[in-house]
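This one's a predicted model, so the numbers in the text were calculated from it and none came from an experiment. Here is how names work: the chains are called A, B, and so on, in the same order as the sequence lines, proteins then strands, and each is numbered from 1.
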There are 2 protein chains.
Amino acid sequence: MIPDSLTQAQFDTVYNSLSLVIASQLFTAIFLILALPRVLPRYRQAMVIAAVVCGIAAYHYFRIFDSFKGAFVTDAVGGRGTYTQAEGVSFNEGYRYVDWLLTVPLLLVELIAVLALARRVQASLLRKLIPAATLMIVLGYPGEISSTDGARVLWGVLSTIPFLFILYVLFVELTRSLDRQPVAVRALISRLRILLLASWLVYPLAYALPVLGISGADAWVLKQGGYSLADIAAKAVYALIIYRIARLKSYEDDPAFAAVEGEPTEGSTTVSTPTAG
Amino acid sequence: MIPDSLTQAQFDTVYNSLSLVIASQLFTAIFLILALPRVLPRYRQAMVIAAVVCGIAAYHYFRIFDSFKGAFVTDAVGGRGTYTQAEGVSFNEGYRYVDWLLTVPLLLVELIAVLALARRVQASLLRKLIPAATLMIVLGYPGEISSTDGARVLWGVLSTIPFLFILYVLFVELTRSLDRQPVAVRALISRLRILLLASWLVYPLAYALPVLGISGADAWVLKQGGYSLADIAAKAVYALIIYRIARLKSYEDDPAFAAVEGEPTEGSTTVSTPTAG
């Protein structure tokens with residue numbers, strides 16, 4: 001539930017967090033689109049999906065931002081005051097679920113797409129991952145909007161089942177298909193999976209806060225900040241690692257392309273990039 | 001008719017459904033534009049029309065969303081309350097008909113365009129499909145805005161005649177022209193026609209609700225949700241299948257293009273894509 005009132009510092013923290021997400025997602029999307037020619041055509045599908053995911057997230061954060069701004073009135077003069085709930089408006093948290101319903105399956109599609117696995121393997125992985133991701137989000141929603149702890153726990157547990165299944169597919173089944181990937185790519189995929197696991201764990205934690213009896217303005221601000229950082233990690237940072245994988249694989253596939261495009265990769269010492277010829 | 005009042009859950013459901021459609025259509029349009037270079041030039045016309053259709057739908061859903069938001073006032077504080085009709089404004093359902101008037105003929109054009117049939121066959125199909133689609137929408141509108149069941153039934157029946165004619169052209173006449181399409185393309189076209197039929201059937205069902213005596217807030221919310229999902233299926237999902245057909249035919253037409261672009265197709269086992277050379 002939205003708190004009855006926020007201090008200036010609490011209001012500003014949420015305001016700035018939400019705006020940070022908009023900037024991160026929007027400009028990651030634009031960066032990915034501009035960087036498309038820097039990977040071989042066969043890896044552009046993954047990049048386009050990554051850009052679309054960041055774009056969808058930017059759209060929803062615009063809505064969340066507006067909804068948040070409208071949900072409070074303040075007695076502030078010159079930037080200091082107390083923020084209380086406005087009458088006749090509501091802060092709509094449902095946007096987050098609508099966003100996840102579209103973006104979470106796509107995040108898994110972009111991971112599988114960038115690996116360019118054999119067609120049969122790819123199809124088999126996606127047939128498991130996409131329905132599981134959709135189910136995970138759909139089962140979480142009734143718990144999120146319920147007002148009783150019992151319903152929240154029940155739907156939370158149900159939603160955890162497809163989540164564990166996704167982890168199984170990514171950490172066990174997918175690993176079997178990575179033999180033919182270059183060593184540097186395998187390292188990046190490991191990093192990507194850990195990022196995914198770490199950022200996705202924020203969501204059930206935030207979901208469980210009311211059941212754990214953690215409420216009040218500070219908890220709510222923490223939850224909004226946590227969701228914001230998790231969304232930046234799970235979509236924008238994730239997309240940049242996808243781009244690194246796509247570049248690395250492009251260089252590996254086509255030395256001539258590597259010679260034209262080749263330059264040291266940004267900020268990494270673990271990957272070996274062919275130098276410009 | 002718009003209900004006198006909505007609960008918070010009903011209001012949020014419609015609000016989130018409408019926003020989901022905006023996000024789906026807008027980002028499908030962007031995806032299609034970014035994916036244009038991934039099909040041969042002769043299939044890009046179909047992709048551009050598909051992107052335009054999704055863009056038009058996104059525009060109209062922005063309008064519907066704003067109209068819906070403005071049509072209710074609430075006593076909600078902090079996200080819980082009752083929503084009652086605002087005075088001095090009205091929810092404009094006519095947008096949907098304006099949208100369909102533009103997009104429904106274009107949906108049929110994009111299907112015919114992606115098949116790249118002989119020019120004479122293509123012209124003959126379009127001369128039947130475009131006027132029939134326009135007539136279907138124009139005849140439905142007087143029934144939608146009428147206040148009597150009799151008028152609703154009359155115009156509904158009249159509108160069904162061109163609808164049945166479209167089905168005849170798509171399922172009988174078009175089938176005769178598909179001999180030279182690859183097997184995988186024929187399978188996708190079958191799936192596309194079934195998607196079209198299934199999603200288009202939602203509209204007459206929603207249209208018939210008042211005649212069937214189904215009214216009230218729940219029915220209205222169901223209708224808005226149904227329209228939303230049907231529009232996503234009939235335009236965005238439909239467009240993605242058009243893209244799959246275009247990719248498949250591009251690979252089939254030009255093995256060199258397939259070798260450059262070639263990577264496993266996303267999520268399908270029924271299509272045979274040449275692997276990268």
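Of the atoms belonging to A/Leu102, it is side-chain heavy atoms, and not backbone ones, that fall under 4.5 Å from chain B. Contact of B/Phe72 with chain A is not made at all, since no heavy-atom distance falls under 4.5 Å. Contact of A/Ile112 with chain B is not made at all, since no heavy-atom distance falls under 4.5 Å.
Considering every non-hydrogen atom in both A/Pro41 and B/Glu261, the closest pair reads CB-OE2, 3.3 Å.
Within a 6.0 Å radius of CD in B/Gln45, other residues, nucleotides and ligands contribute 12 heavy atoms or fewer. Heavy-atom neighbours of A/Tyr15 OH from other residues, nucleotides or ligands within 6.0 Å: at or below the threshold of 12.
Considering CE of A/Met47 and CG of B/Leu34, their distance stands at 10.5 Å, rounded to 0.5 Å. In this structure, B/Phe27 CZ and A/Cys54 SG are separated by 10.0 Å, a value rounded to the nearest 0.5 Å. Expressed to the nearest 0.5 Å, how far CG of B/Leu26 lies from CD1 of A/Ile56 amounts to 9.0 Å. Of the inter-residue distances, the one linking B/Phe31 atom CZ with A/Leu106 atom CG reads 9.0 Å to the nearest 0.5 angstrom.
In terms of non-hydrogen atom pairs under 4.5 Å with chain A, the most contact-rich of B/Thr28, B/Ile30, B/Ile22 is B/Ile22. When each of B/Ser19, B/Ala9, B/Ser24 is scored by its heavy-atom pairs under 4.5 Å with chain A, the top score falls to B/Ser19.
Between B/Asn16 and A/Tyr97, the closest side-chain pair of non-hydrogen atoms is not below 4.5 Å.
Between A/Tyr59 and B/Phe62, the ring planes lie perpendicular to each other; the angle is over 60°, past the 30° to 60° tilted range.
A/Arg63 forms a cation-pi arrangement with B/Phe65, by the criterion of a distance under 6.0 Å to the ring centre and an angle within 45° of the ring axis.
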